Amino acid sequence: MAGLQLSGIHKNYGPVEVIKGIDLAIEPGEFVVFVGPSGCGKSTLLRMIAGLEEITGGTLRIGERVCNKVAARDRGVAMVFQSYALYPHMTAEENVGFGLRLAGVPKAERARRVREVARVLQMEHLLERKPGQLSGGQRQRVAIGRAIIRKPDVFLFDEPLSNLDAALRVDMRMELSRLHADLGATMIYVTHDQVEAMTMADKIVVLDQGRVQQVGTPMELYNMPANLFVAGFIGAPKMNLLRVRIDAADRAGAAISAPFLRATEVRTSVPSALVGQEVTLGIRPHTLELRASGPISGSIRLVERLGDTSIIEVATQAGQSVFAAIDGDIDVELNQVVSLGFDPAKAHLFGPEGTRL
Amino acid sequence: MNRNNVPRWLILLVLALLWILPMASLILFSFAPSSEILKDQLVPSNWTWSNYWRVLTDAGRGVSIPQAMLNSAVIMVAQVVGILLLDIPAAYAFGRLRWPGRDFVFFLVLVTMMMPGILEVISLYDLMANWGLVDTVYAVILPGLPRVVGIFILRQFFQQLPREMEEAARMDGATDFQVFRLIMVPLAAPAIITVGVLSALYSWNNFLWPLIITNSPASMTVPVAVSYLSADTAAIINYTVILAAAFFTSLPMIILFLFGQRWIVNGMRPTAGIK
């Protein structure tokens with residue numbers, strides 16, 4: 001079990017800079033998730049930690065050791081690939097034991113450890129099969145087995161669930177969390193799925209355009225997004241991001257208004273310099289509730305019934321769409337005129353630069 | 001059978017007959033006395049095993065067909081092993097490793113494939129003569145190594161193998177050579193078998209170079225020995241013995257092709273065997 005320290009990490013492909021200076025500390029035993037949209041650099045960052053991509057600039061420490069120039073096999077890390085990358089000519093047993101075979105572990109000891117890992121992952125009955133004879137979920141187990149058998153300091157997962165169907169993904173998500181709890185190892189997990197990030201991580205690193213946007217626990221990111229990108233990326237359904245005007249402000253809060261919003265107050269400290277300017281109001285759909293007379297009114301344009309919750313899209317007269325997640329038992333209909341309100345303490349304001357106020 | 005397919009099947013049938021008739025004629029008359037071959041008939045009226053007996057004992061002109069087959073077999077095995085030992089690492093280096101000038105060197109290698117082999121004959125003969133290898137099996141084996149077409153086929157295959165497979169092996173602790181030996185070569189097995197089978201066919205059927213570089217009947221390969229039988233100007237040529245020799249010496253390659261054709265088709269398909 002080892003921690004990691006990334007200091008000023010850069011990656012260039014020719015003139016194109018894809019990782020633009022990343023500073024990050026990962027504690028031993030943490031489950032850290034790198035999350036972000038396609039092309040944000042999360043997989044590149046993971047591959048740099050693995051030793052599969054050269055580091056253009058900055059320092060990578062695994063434990064106490066600087067690893068910039070250390071070969072992948074000597075870093076004490078194991079990786080589970082998106083495509084699993086199992087060796088098709090070897091059985092599951094040979095796949096799992098391949099690392100030990102290379103390390104010169106005697107055959108009997110190797111077989112014992114493979115059985116042990118197979119027992120933990122409940123795949124003893126699969127050991128004689130080749131990858132072509134395994135389902136997606138079974139291959140995933142073999143790939144994880146191959147990673148854990150070497151008892152590495154750090155586990156790396158590169159979108160390992162993206163090839164599985166939705167139900168299996170949920171099962172494997174829970175299994176990975178259980179595995180982390182059992183092994184207590186440092187794990188770094190890359191995904192573009194914010195639900196995976198929220199459900200599994202001790203710490204989430206949100207990346208966009210090669211930069212860290214925010215680092216924090218899932219609830220910190222959900223409750224206190226640092227900027228508009230994180231606000232829009234974390235949480236499902238997405239946060240409503242609405243342009244409003246600051247009418248008055250002091251330390252206790254601010255009065256805001258907009259064509260679609262009756263003048264209201266939020267409990268966010270806003271610099272007086274912003275009075276009269278436009279900022280972005282962020283309200284999570286789950287924060288909005290149906291009220292007899294709320295500050296936002298409009299007609300229902302869309303209803304998505306999820307069972308315990310219904311997502312409704314409310315179109316205001318000013319043309320602004322607002323999404324709300326309401327109790328699934330409440331009966332609503334298309335074109336019904338409703339009024340929405342929210343707790344002022346749970347509203348977020350983002351300044352003209354997009355950063356949290 | 002779909003009625004629309006009838007014309008297509010007819011055309012294929014005619015083409016198949018055109019191809020198979022000379023072969024069938026060769027096989028049928030190899031079992032006939034020599035007098036039968038000059039008669040105007042499609043199928044011999046008399047049958048005999050004597051041609052095959054002569055092929056095995058005394059084919060004529062001092063030629064021993066069993067000896068020629070042994071020579072060809074030794075040359076074929078040596079060439080297939082040599083070609084694979086040289087072609088596989090070369091193809092891997094061209095297909096998966098990055099080094100300065102790689103594509104230019106590969107282009108030069110390909111250029112040698114475009115040149116007619118006849119252009120090299122004089123300089124090769126001169127080289128073999130300088131090394132004292134004329135009329136030996138070594139002189140037949142060496143110029144056939146390596147085979148550029150084998151490098152080409154294997155390179156295409158290596159290029160198509162998933163990069164993640166190689167990276168996974170590196171993460172598992174493999175050195176560059178272990179990645180090559182334990183992962184990449186086994187994954188390329190279909191293509192390697194293809195190149196092996198094609199090389200065996202090429203080696204067994206190679207005519208021109210063994211004809212030039214071998215002189216004595218004892219060092220002749222199969223195609224040279226069979227052609228030597230038909231080039232006797234001093235005696236009446238026994239054609240049915242030649243037909244028996246031709247068919248008998250083709251049998252190993254026919255069997256090899258029957259077993260190897262699945263691999264030849266699969267091996268040409270990149271990522272065959274990878275799921």
Side-chain angles (χ1 to χ4, degrees), chain A residues 43 46-47 49-54 70-90 94-105 129-136 139 142-152 154-160 163, chain B residues 84 88-89 91-92 95-100 102-103 153-154 156-196 260 262-263 265-275:
Chain A
S43 283
L46 191 82
R47 291 170 56 80
I49 294 170
L52 298 173
E53 295 283 351
E54 268 185 39
V70 177
R73 64 175 179 274
D74 298 324
R75 293 190 180 196
V77 299
M79 185 158 162
V80 177
F81 292 83
Q82 184 175 359
S83 66
Y84 319 133
L86 298 179
Y87 313 124
H89 58 296
M90 297 184 194
E94 289 165 336
N95 265 282
V96 174
F98 186 65
L100 299 183
R101 179 181 157 197
L102 294 175
V105 175
R129 296 194 204 166
K130 290 196 172 174
Q133 300 164 308
L134 300 172
S135 68
R139 284 183 214 180
V142 177
I144 293 170
R146 193 170 65 180
I148 67 176
I149 198 162
R150 289 171 50 224
K151 298 182 177 157
V154 181
F155 287 95
L156 308 175
F157 295 90
D158 189 4
E159 307 209 27
N163 289 341
Chain B
L84 291 181
I88 295 170
Y92 187 73
R96 293 212 67 109
L97 304 182
R98 285 185 193 166
W99 42 279
R102 180 187 69 172
D103 292 342
I153 291 171
L154 290 168
Q156 300 303 102
F157 202 91
F158 278 128
Q159 278 186 330
Q160 300 297 325
L161 294 178
R163 188 180 63 162
E164 285 192 344
M165 211 78 79
E166 183 181 333
E167 291 176 344
R170 286 188 200 288
M171 298 300 295
D172 272 340
T175 59
D176 286 351
F177 187 66
Q178 283 170 326
V179 170
F180 169 70
R181 188 171 65 86
L182 300 174
I183 305 297
M184 291 298 154
V185 170
L187 289 182
I192 291 171
I193 293 172
T194 302
V195 172
R262 181 169 66 95
W263 292 103
V265 174
N266 275 341
M268 297 291 189
R269 186 161 50 90
T271 72
I274 308 293
K275 194 167 176 182

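It should be emphasised that the depicted structure is a prediction, and the values quoted were computed from it without experimental measurement. First the proteins, then the strands, lettered A, B, ... as listed; each starts at 1. Reckoned from all heavy atoms, side chains included, excluding hydrogens, waters and symmetry mates.
- With sequence neighbours excluded, the residues that form a side chain to side chain donor-acceptor pair (under 3.5 Å) with A/Q82 are A/S162.
- Counted within 6.0 Å of CD on B/Q159, heavy atoms from surrounding residues, nucleotides or ligands total more than 12; the atom is thus considered enclosed.
- A distance-only check finds no donor-acceptor pair linking the side chain of A/Y87 to the backbone of B/L182 [under 3.5 Å].
- Nearest approach of A/L102 to B/A174, heavy atoms of both residues: CD1-N, 3.4 Å.
- Counting heavy atoms from C-beta outward, B/M171 and A/L52 have side chains that approach closer than 4.5 Å.
- Between B/P186 and A/M90, every side-chain heavy-atom pair lies at or beyond the 4.5 Å cut-off.
- For A/R146, the parts sitting under 4.5 Å from any heavy atom of chain B are the backbone and the side chain alike.
- Using a 4.5 Å cut-off between heavy atoms, B/Q178 contacts chain A through its side chain alone, with no backbone atom that close.
- For B/A189, no part lies under 4.5 angstrom from a heavy atom of chain A.
- Only the backbone of A/L86 comes within contact range of chain B, with heavy atoms under 4.5 Å apart.
- The contact between A/V77 and chain B is made by backbone and side chain atoms together, counting heavy-atom distances below 4.5 Å.
- Applying the side-chain hydrogen bond (donor to acceptor under 3.5 Å, both in side chains) definition to pairs two or more places apart or across chains, none involves residues 179-188 of chain B.
- For A/R101, the CZ atom counts as loosely surrounded, since its 6.0 Å shell holds 12 or fewer non-hydrogen atoms of other residues, nucleotides or ligands.
- Taking the side chain as every heavy atom from C-beta outward, B/E167 and A/M79 never approach each other to under 4.5 Å.
- Interface residue A/A78: only backbone heavy atoms are found under 4.5 Å from chain B.
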